[in-house]
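These notes concern the structure reproduced below.
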Number of protein chains: 2
Amino acid sequence: MKDVASAAGVALKTVSRVVNGEPGVHPATADRVRAAIDRLGYSRNESARVLRRGRTATIGLVIEDVADPFYAGLSRAVESVAAAHGCLLLSGSSSEDAERERELVLTFCARRVDGLIVVPAGEDHSYLRPELDAGTPAVFVDRPPGPGIDVDTVLADNAGGAALATRHLVAHGHSRIAFLGDEPSIFTAARRLHGFRTALGHLYDERLVCMRSPALDTVRAALDRMLALDRPPTAVFTGNGRLTVTALRALAGRRGPAVVGFDDFELSDLLGVTVVAQDPARMGRVAAELLFRRLSGDTGPAEHPVLPVGLVPRGSGELPP
Amino acid sequence: MKDVASAAGVALKTVSRVVNGEPGVHPATADRVRAAIDRLGYSRNESARVLRRGRTATIGLVIEDVADPFYAGLSRAVESVAAAHGCLLLSGSSSEDAERERELVLTFCARRVDGLIVVPAGEDHSYLRPELDAGTPAVFVDRPPGPGIDVDTVLADNAGGAALATRHLVAHGHSRIAFLGDEPSIFTAARRLHGFRTALGHLYDERLVCMRSPALDTVRAALDRMLALDRPPTAVFTGNGRLTVTALRALAGRRGPAVVGFDDFELSDLLGVTVVAQDPARMGRVAAELLFRRLSGDTGPAEHPVLPVGLVPRGSGELPP
DNA sequence: GCAGTGCCGGACAACGTTGTCAAAGCACTG
DNA sequence: CAGTGCTTTGACAACGTTGTCCGGCACTGC
């Protein structure tokens with residue numbers, strides 16, 4: 001900038017004014033400055049600007065894994081909203097590791113992101129307290145923060161969705177329904193199990209429940225075990241997209257129970273699988289918009305919108321006549 | 001930092017030393033400083049540090065769309081390598097828009113990212129010249145840069161893969177094979193068409209080729225048109241993952257040609273679709289590692305690794321006897 | 001007790017920008 | 001032609017850190 005200033009024969013501040021489109025610069029002077037900028041290939045140093053102004057025009061996004069279609073869709077929506085506000089996105093995957101989540105969040109904070117959107121992996125977010133107190137807004141998505149942290153959250157109606165699917169199965173004549181969920185420590189997994197259990201009532205059977213992270217081996221073993229029971233399940237409700245896909249794979253090529261899943265997935269329509277669909281893009285959009293409202297000064301009490309989910313019947317839950 | 005210094009009763013610089021783990025601080029002093037840091041909830045302002053040191057420990061990634069599984073996988077790999085080098089990732093989706101690509105890249109540069117990984121959407125990258133000259137290394141992935149820009153590139157063997165699939169189909173008795181590709185302006189689409197055409201030789205028929213971006217309507221229309229020909233295709237080779245999925249959807253429920261696709265996709269195994277698989281994670285990893293080699297001082301000539309692709313036969317290309 | 005040696009702590013400048021404030025230039029009025 | 005008000009420009013400090021350099025202090029060996 002100094003070089004541009006001397007090249008154009010003006011003061012530093014005048015260059016700054018031109019670069020920022022501030023009023024009060026004579027058009028001829030501005031042209032001279034712009035010419036010098038082009039000639040020297042100058043571009044403003046954003047780090048210095050950030051240091052001076054205090055706003056980074058960057059938000060931090062911590063998700064579980066970008067490669068998971070659900071979080072990829074969510075990411076994309078957050079990015080779009082951020083772009084519309086002239087913000088960039090620093091993002092990182094926690095891999096369901098609380099320590100990594102904490103590290104990412106704190107690194108983002110050290111870089112003075114303007115705000116945070118977090119899909120938490122851990123249960124304790126007290127490490128966020130100083131940052132929140134310092135005025136960095138955060139929005140939790142898909143899962144709530146640990147106790148004592150009262151921030152905005154955007155959740156889906158997990159229990160309701162699970163109940164919806166369960167009732168659908170029952171209505172179609174199923175009475176032995178298995179549930180495959182992720183680790184019970186994961187909020188969504190627990191909520192969905194809860195919805196399943198509640199909707200199933202007296203039909204609920206502990207032996208038809210398996211809560212483990214989605215690996216083909218474990219899913220296959222669980223299904224084998226359940227199918228070997230006296231009264232095997234006629235339907236399986238899977239607690240997230242990955243489990244649905246894994247279960248379908250485990251059951252491929254054999255006559256097994258019908259599969260109904262939480263989360264929609266690519267080609268579910270072709271495979272005719274009934275699902276409870278949530279809208280990851282909407283979740284990301286709602287969270288990002290909430291964050292930007294906070295950034296523009298909204299200091300109301302924490303909000304906790306719950307997004308609806310919808311049953312998409314595709315036949316897989318219907319018992320053959 | 002100033003507050004911490006006065007709280008601990010030491011000079012600013014001493015705090016800096018403690019924070020950076022520099023030697024030459026008495027352990028007792030260091031403890032006092034650390035206590036003050038904890039008490040005040042201080043965290044280093046990374047922007048100021050960047051301004052002073054010149055390195056941001058951030059790399060910029062421009063892809064086409066995070067929500068596309070191919071780029072999501074690539075992103076994840078880049079992120080892993082970056083994390084291993086203590087770097088964060090600024091990422092953005094260009095949506096196949098050259099102007100947006102340019103904007104993202106230049107914004108990243110203004111923020112002084114240490115390096116760039118770009119899946120280019122445009123054809124002209126002369127805007128990158130000043131940045132490259134200024135010493136910001138860039139690696140192009142999946143598609144090469146426009147003319148005159150000689151940087152590292154990591155590409156897949158697009159033509160070879162397409163030829164592989166085509167020969168597979170021919171070997172299984174197909175002589176009327178259609179090709180559905182993305183816009184011909186997209187490098188990979190053009191290369192794959194080229195491989196297809198070359199491998200097909202005299203069997204190539206212009207009427208069985210459609211190069212359009214993957215929308216269900218256009219794909220359906222193209223297929224309908226082809227299937228209405230005198231000698232309709234017995235197989236369709238789709239030029240990328242999205243087109244494969246779209247074609248499968250367009251053909252769902254009717255007796256149509258066999259579908260073989262470029263790019264693997266979730267559940268391709270269950271659907272029994274033969275594909276030419278590339279490894280997005282590997283592509284991302286190779287690109288990121290190349291970038292970090294540049295960042296650690298490797299100034300050798302630009303490298304252009306070409307990653308192999310592999311045919312995964314799953315039956316969909318075989319003519320019924 | 002004194003010079004020499006090492007270690008530790010601190011003052012200061014610099015990174016590149018922007019906000020504040022004051023001054024200079026100019027046209028216009030009375 | 002002085003006075004007024006507006007526009008345009010510039011000098012300076014500050015943002016929070018780190019690199020450089022220097023001074024003070026304790027410790028050693030005589």
Side-chain angles (χ1 to χ4, degrees), chain A residues 1-34 36-37 40-58 86 106-114 130-131 134-136, chain B residues 1-37 40-58 106-114 130-131 134-136:
Chain A
M1 203 165 196
K2 197 159 56 178
D3 295 346
V4 172
S6 58
V10 299
L12 205 56
K13 180 64 210 185
T14 302
V15 179
S16 168
R17 273 195 264 262
V18 172
V19 167
N20 289 293
E22 285 174 32
V25 177
H26 194 89
T29 315
D31 282 344
R32 233 169 52 238
V33 170
R34 268 188 289 270
I37 286 175
L40 299 180
Y42 163 83
S43 98
R44 182 171 62 195
N45 184 322
E46 218 57 38
S47 312
R49 177 169 221 246
V50 159
L51 177 60
R52 190 63 236 262
R53 318 232 319 191
R55 279 237 162 163
T56 53
T58 307
L106 291 180
T107 311
F108 289 165
C109 288
R111 305 224 173 178
R112 298 294 185 271
V113 291
D114 294 338
E131 315 299 339
T136 307
Chain B
M1 202 164 197
K2 199 159 55 179
D3 295 346
V4 172
S6 59
V10 299
L12 205 58
K13 181 64 209 185
T14 303
V15 179
S16 167
R17 273 195 264 263
V18 172
V19 167
N20 290 292
E22 286 175 31
V25 178
H26 193 88
T29 313
D31 281 345
R32 233 169 51 238
V33 170
R34 269 187 290 268
I37 287 176
L40 299 180
Y42 163 83
S43 97
R44 182 171 60 196
N45 183 321
E46 217 59 36
S47 313
R49 178 169 220 245
V50 158
L51 178 60
R52 189 64 236 263
R53 316 233 317 191
R55 279 236 163 165
T56 53
T58 307
L106 290 180
T107 311
F108 288 166
C109 287
R111 306 223 173 179
R112 298 294 186 268
V113 292
D114 293 339
E131 315 299 338
T136 307

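What you see is a predicted model, and the numbers here were worked out from it, not measured in a lab. The basis for the numbers below is simple: all heavy atoms, side chains too, and nothing from hydrogens, waters or symmetry mates.
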Value for CZ (B:Arg111) from OG (A:Ser43), rounded to nearest 0.5 Å, stands at 12.0 Å
Testing D:dA13, D:dG10, C:dA13 for proximity to the side chain of B:Arg52, the answer is C:dA13
Out of D:dT18, C:dT18, D:dT9, minimum distance to the side chain of B:Arg49 belongs to D:dT18
Starting at atom [atom1] of [X], determine the distance to atom [atom2] of [N], rounded to an integer number of angstrom.
X	N	atom1	atom2	value
B:Lys2	D:dT17	NZ	C1'	12 Å
A:Leu51	C:dT17	CG	P	12 Å
A:Arg53	D:dG16	CZ	P	15 Å
A:Arg17	C:dT18	CZ	P	11 Å
A:Arg32	D:dT8	CZ	C1'	12 Å
B:Leu12	D:dC21	CG	P	19 Å
B:Asp3	D:dG16	CG	C1'	11 Å
A:Arg111	D:dT17	CZ	P	14 Å

Does [X] reach the main-chain N or O of [Y] with its side chain, forming a donor-acceptor pair under 3.5 Å?
X	Y	result
A:Asn20	A:Glu22	no
A:Thr58	A:Thr56	yes
A:Thr29	A:Pro27	no

Between B:Ala48 and B:Glu22, the residue closer to the 5' end of DNA chain D by nearest nucleotide is B:Ala48
Discussion item. With a 4.5 Å cut-off on side-chain heavy atoms, are A:Arg49 and A:Arg44 touching?
Written reply: yes
If you compare every side-chain N and O of [X] against the phosphate oxygens of [N] (OP1, OP2), does one of them come in below 4.0 Å?
X	N	value
A:Arg44	C:dT18	yes
B:Thr29	C:dG9	yes
B:Thr14	C:dG9	no
B:Asn45	D:dC15	no

Discussion item. Under 4.0 Å, counting only non-hydrogen atoms across every strand here, what does B:Val50 touch: a base, just sugar-phosphate, or nothing?
Written reply: nothing
Walking DNA chain C from its 5' end, the first of B:Lys13 and B:Arg112 to be reached, judged by nearest nucleotide, is B:Lys13
